[in-house]
Trainee: 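Below: one structure in structure tokens.
Basis for what follows: all heavy atoms, side chains included, without hydrogens, waters or symmetry-related copies. Starting from 1, each residue takes its place in the sequence as its number.
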Amino acid sequence: MPQNGSAFDRATAVTRTEGGGVRAELDPAWDVDPGVLNGGYLLGVVARAALLDSPHPHPVALSASYLRATPGGPADLTVTAGPAGRTLAHSSVLLSAAGGPSLAVQVTTATLGRDASDYSVNPVPEVPGPDACVATRTAEGGPAVGLARQIDTRLDPATAGWTVGRPSDTRLLRAWIRLADGRDPDPLALLLFADALPPTAFAVGRPGWAPTVQLQVLVRALPAPGWCLVESRSTEVTGGWSDEECRIWDSAGRLVAQARQLARVAR
């Protein structure tokens, strides 16, 4: 699964320690706020740890609880193997950084194919091609730090009004996404993309950091090379909590991943 020379693969690499544990060096360049790493990036690190001893090559279901913000630097991952068979394998992974546990994840691995969906009520949205969408970064530059420098994001003009002072009344964002260095998508990259868009509150003119508390990601198929189309929407906001549902289609128009998260509403 690793692709030689990719910044994402280097940033999510894990190694075994002499005592049989797993260690990662979390890259601060994948943050969403100073000292706060992106949740999808962290899932990529966790999935690599879970795959070390799995009989299957792909993460297909992850349920993550974010215990506290995770900074860059060294991290230890404790992988506890669960039942494993010819079709699926299960494990739990606890990531500890900067003095204590910060992320707990249940991981299911399997072997994915490139088959089209047998049934779906979620057709790919009609969105202009990447070149006709709103770029939030370019190959030459972009924001000085953070996740936005690691991914190329092209917002659907229909959901990008907030970028020019015309917010919507609907918490909905769509964008084409790819890794900035051209690395093709795979199941690990889909974990990143599932948490790569800004909070949907941005669409209605309410920017701010909305920390994820719980995130579930389902990877449905191996994505085709090229851009992925990501759609994120919120259906409920109450009592300081917000939900977000995410769907990802590959360049062939196939639904390849879904996600759902619970987050605190940005102040």
Trainee: List the steps, then state whether side chain to side chain contact (heavy atoms under 4.5 Å, CB included) holds for Val127 with Cys133.
Mentor: CA-CA 8 Å; Val127 176; Cys133 289; 4.1 Å; yes

Trainee: Checking Thr212 against Gln261: is there a side-chain donor and acceptor pair closer than 3.5 Å?
Mentor: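 Yes, a side-chain donor-acceptor pair sits under 3.5 Å.
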
Trainee: Donor-acceptor check, side chain of Thr170 to backbone of Leu172, threshold 3.5 angstrom: yes or no?
Mentor: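 Pair absent, no side-chain N/O of Thr170 close to backbone of Leu172.
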
Trainee: Just by modelled atom types, is the Pro225 backbone N or O under 3.5 Å from a matching donor or acceptor in the Ser251 side chain?
Mentor: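 Indeed, once roles are kept as given, a pair shorter than 3.5 Å links the two residues.
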
Trainee: Under 3.5 Å, which donor-acceptor pairs do the side chains of residues 73-94 form with other protein atoms, sequence neighbours left out?
Mentor:
{"unit_1": "Asp76", "atom_1": "OD1", "unit_2": "Arg23", "atom_2": "NE", "d": "2.5"}
{"unit_1": "Asp76", "atom_1": "OD1", "unit_2": "Arg23", "atom_2": "NH2", "d": "2.9"}
{"unit_1": "His90", "atom_1": "ND1", "unit_2": "Thr108", "atom_2": "OG1", "d": "3.1"}

Trainee: Taking the side chain as everything from C-beta on, heavy atoms only, tell me whether Leu222 gets closer than 4.5 Å to Asp186.
Mentor: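 With C-beta onward as the side chain, the pair stays apart.
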
Trainee: Does any pair with a residue in residues 218-240 pass salt bridge (charged side-chain N to carboxylate O under 4.0 Å, His left out), and if so which ones, sequence neighbours excluded?
Mentor: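 As it turns out, the salt bridge (charged side-chain N to carboxylate O under 4.0 Å, His left out) pairs with a partner in residues 218-240, which skip direct neighbours, are Arg174-Glu231, Glu231-Arg233.
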
Trainee: Take Asp53 and Arg16, measure what salt bridge (charged side-chain N to carboxylate O under 4.0 Å, His left out) needs, and give me the verdict at the end.
Mentor: CA-CA 11 Å; Asp53 290 322; Arg16 293 191 186 277; 2.6 Å; yes

Trainee: Do His56 and Leu51 come close enough that some side-chain heavy atom pair is under 4.5 Å?
Mentor: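 Of all side-chain heavy-atom pairs linking Leu51 with His56, none is under 4.5 Å.
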
Trainee: Is a side-chain N or O of Ser120 found less than 3.5 angstrom from the main chain of Ser117, in a donor-acceptor match?
Mentor: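 It does not hold such a pair.
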
Trainee: With a 4.5 Å cut-off on side-chain heavy-atom distances among I, L, V, M, F, W and Y, is there a chain of contacts connecting Leu215 to Val60?
Mentor: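 Yes, it is one cluster - the side chains of Leu215 and Val60 are joined through contacts under 4.5 Å.
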
Trainee: With a 3.5 Å distance limit and no angle check, can you tell me whether Tyr41 reaches the backbone of Asp27 through a side-chain donor-acceptor pair?
Mentor: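 Yes; judged by distance alone, with no hydrogens or angles, the pair exists.
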
Trainee: Considering all heavy atoms of both residues, which atom of Leu62 and which atom of Ala47 are nearest to each other, and what is their separation?
Mentor: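 That would be CD2-CB, 4.4 Å.
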
Trainee: Does the side chain of Arg68 pick up a donor-acceptor pair with the side chain of Ser102 at under 3.5 Å?
Mentor: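 Their side chains do not contain a donor-acceptor pair, so the 3.5 Å distance test is not met.
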
Trainee: Looking at Pro128, is its backbone amide N or carbonyl O close enough to the side chain of Trp176 to form a donor-acceptor pair, meaning the two atoms are under 3.5 Å apart?
Mentor: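 Such a contact is found between Trp176 side chain and Pro128 backbone.
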
Trainee: Can you see which heavy atom on Val105 is nearest to which on Val107, and at what distance?
Mentor: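 Closest approach of Val105 to Val107: CG1-CG2, 3.7 Å.
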
Trainee: Test Gln214 against Ser63 for side chain to side chain contact (heavy atoms under 4.5 Å, CB included), laying out the working first.
Mentor: CA-CA 7 Å; Gln214 223 279 339; Ser63 180; 2.9 Å; yes

Trainee: Which heavy atom of Ala7 sits nearest to which heavy atom of Gln150, and what is that distance?
Mentor: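 Looking at all heavy atoms of both residues, the closest pair is CB-OE1, 4.4 Å.
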
Trainee: When rounded to the nearest 0.5 angstrom, what distance separates CG in Leu190 from CG in Asp250?
Mentor: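 Leu190 CG to Asp250 CG: 8.5 Å, rounded to 0.5 Å.
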
Trainee: Ignoring hydrogens, what is the shortest heavy-atom contact between Thr136 and Leu155? Give both atom names and the distance.
Mentor: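 Looking at all heavy atoms of both residues, the closest pair is CG2-CD1, 3.6 Å.
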
Trainee: Would you check, one step at a time, whether the test side chain to side chain contact (heavy atoms under 4.5 Å, CB included) holds for Val45 with Val14?
Mentor: CA-CA 7 Å; Val45 176; Val14 297; 4.0 Å; yes

Trainee: Return the OH to CG distance between Tyr66 and Leu95, rounded to the nearest 0.5 Å.
Mentor: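 One gets 10.0 Å once the value is rounded to the nearest 0.5 Å.
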
Trainee: Could you grab the distance from atom CZ of Phe8 to atom CG of Leu191, nearest 0.5 Å is fine?
Mentor: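 Answer for the CZ-CG pair, Phe8 versus Leu191, is 7.0 Å.
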
Trainee: Hydrophobic cluster membership, with links at side-chain heavy-atom distances under 4.5 Å among I/L/V/M/F/W/Y: are Val237 and Leu262 in one?
Mentor: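 Different hydrophobic clusters.
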
Trainee: Nearest 0.5 angstrom please: Leu52 CG to Thr15 OG1, how far?
Mentor: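 Going from CG on Leu52 over to OG1 on Thr15, the span is 9.0 Å.
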
Trainee: State, yes or no, whether a side-chain contact exists between Cys246 and Phe193 at a heavy-atom distance under 4.5 Å.
Mentor: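 Heavy-atom side-chain distance check fails, nothing below 4.5 Å.
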
Trainee: Using the rule given for side chain to side chain contact (heavy atoms under 4.5 Å, CB included), can you reason through Arg48 versus Asp9, listing the C-alpha separation, both sets of side-chain angles and the distance that settles it, and then say yes or no?
Mentor: CA-CA 10 Å; Arg48 285 200 190 278; Asp9 291 308; 2.2 Å; yes

Trainee: Decide yes or no on salt bridge (charged side-chain N to carboxylate O under 4.0 Å, His left out) for Arg154 and Asp131, but give the supporting numbers first.
Mentor: CA-CA 8 Å; Arg154 309 290 178 91; Asp131 291 342; 3.7 Å; yes

Trainee: Could you tell me whether the side chain of Asp33 and the main chain of Val36 form a donor-acceptor pair under 3.5 Å?
Mentor: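 Not a single qualifying donor-acceptor pair exists.
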
Trainee: Do the non-hydrogen side-chain atoms of Val46 and Leu103 ever get within less than 4.5 Å of each other?
Mentor: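 Yes; the side chains approach each other to less than 4.5 Å.
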
Trainee: With a 4.5 Å heavy-atom cut-off, do Arg254 and Trp249 have their side chains touching?
Mentor: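 No, their side chains stay 4.5 Å or more apart.
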
Trainee: Could you tell me whether a side-chain N or O of Asp243 sits under 3.5 Å from a main-chain N or O of Thr235, the two making a donor and an acceptor?
Mentor: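 Yes; judged by distance alone, with no hydrogens or angles, the pair exists.
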
Trainee: Considering only heavy atoms from C-beta outward, does the side chain of Thr109 approach that of Pro57 to under 4.5 Å?
Mentor: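 With C-beta onward as the side chain, the pair stays apart.
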
Trainee: Between Arg247 and Val230 (side chain of the first, backbone of the second, donor and acceptor by atom type, cut-off under 3.5 Å), is there such a pair?
Mentor: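 The answer is no, because no donor-acceptor pair under 3.5 Å joins these two groups.
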
Trainee: Are Asp195 and Leu43 packed together at the side-chain level, in the sense that at least one heavy-atom pair is separated by less than 4.5 angstrom?
Mentor: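 Counting from C-beta outward, Asp195 and Leu43 never come under 4.5 Å.
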
Trainee: Looking only at heavy atoms, what is the nearest atom pair of Pro167 and Val204, with distance?
Mentor: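 In terms of heavy atoms, the two residues are closest at CB-C, 3.5 Å.
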
Trainee: Flag the pair Ile177 / Leu197 as yes when at least one side-chain heavy-atom distance between them is below 4.5 Å, and no otherwise.
Mentor: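 Answer yes - side chains close enough.
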
Trainee: Quick test of your reading of the model: are Asp31 and Arg149 salt-bridged, counting only N-O distances below 4.0 Å?
Mentor: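 No, this pair does not count.
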
Trainee: Minimum heavy-atom separation for Ala194 to Ala259, with atom names?
Mentor: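 Smallest heavy-atom distance, with atoms named: CB-CB, 3.8 Å.
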
Trainee: Would you say the side-chain atoms of Glu244 and Thr200 include a donor-acceptor pair closer than 3.5 Å?
Mentor: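 There is such a pair (donor and acceptor under 3.5 Å, judged by atom type) between the side chains of Glu244 and Thr200.
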
Trainee: Measuring from atom CG of Asp156 to atom CG of Leu173, what distance do you get when rounded to the nearest 0.5 angstrom?
Mentor: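 Separation between the atoms: 9.5 Å.
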
Trainee: Determine, using the 4.5 Å side-chain heavy-atom cutoff (strictly less than), whether Leu229 and Val256 are members of one ILVMFWY cluster.
Mentor: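 Shared cluster, no.
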
Trainee: In plain terms, say whether Arg178 and Asp184 are close enough for a salt bridge, that is, a side-chain N and a carboxylate O under 4.0 Å apart.
Mentor: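 Salt bridge flag = no for Asp184 with Arg178.
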
Trainee: Between atom CH2 of Trp30 and atom CG of Leu37, what is the distance when rounded to the nearest 0.5 Å?
Mentor: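 Rounded to the nearest 0.5 Å, the CH2-CG separation comes out at 11.0 Å.
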
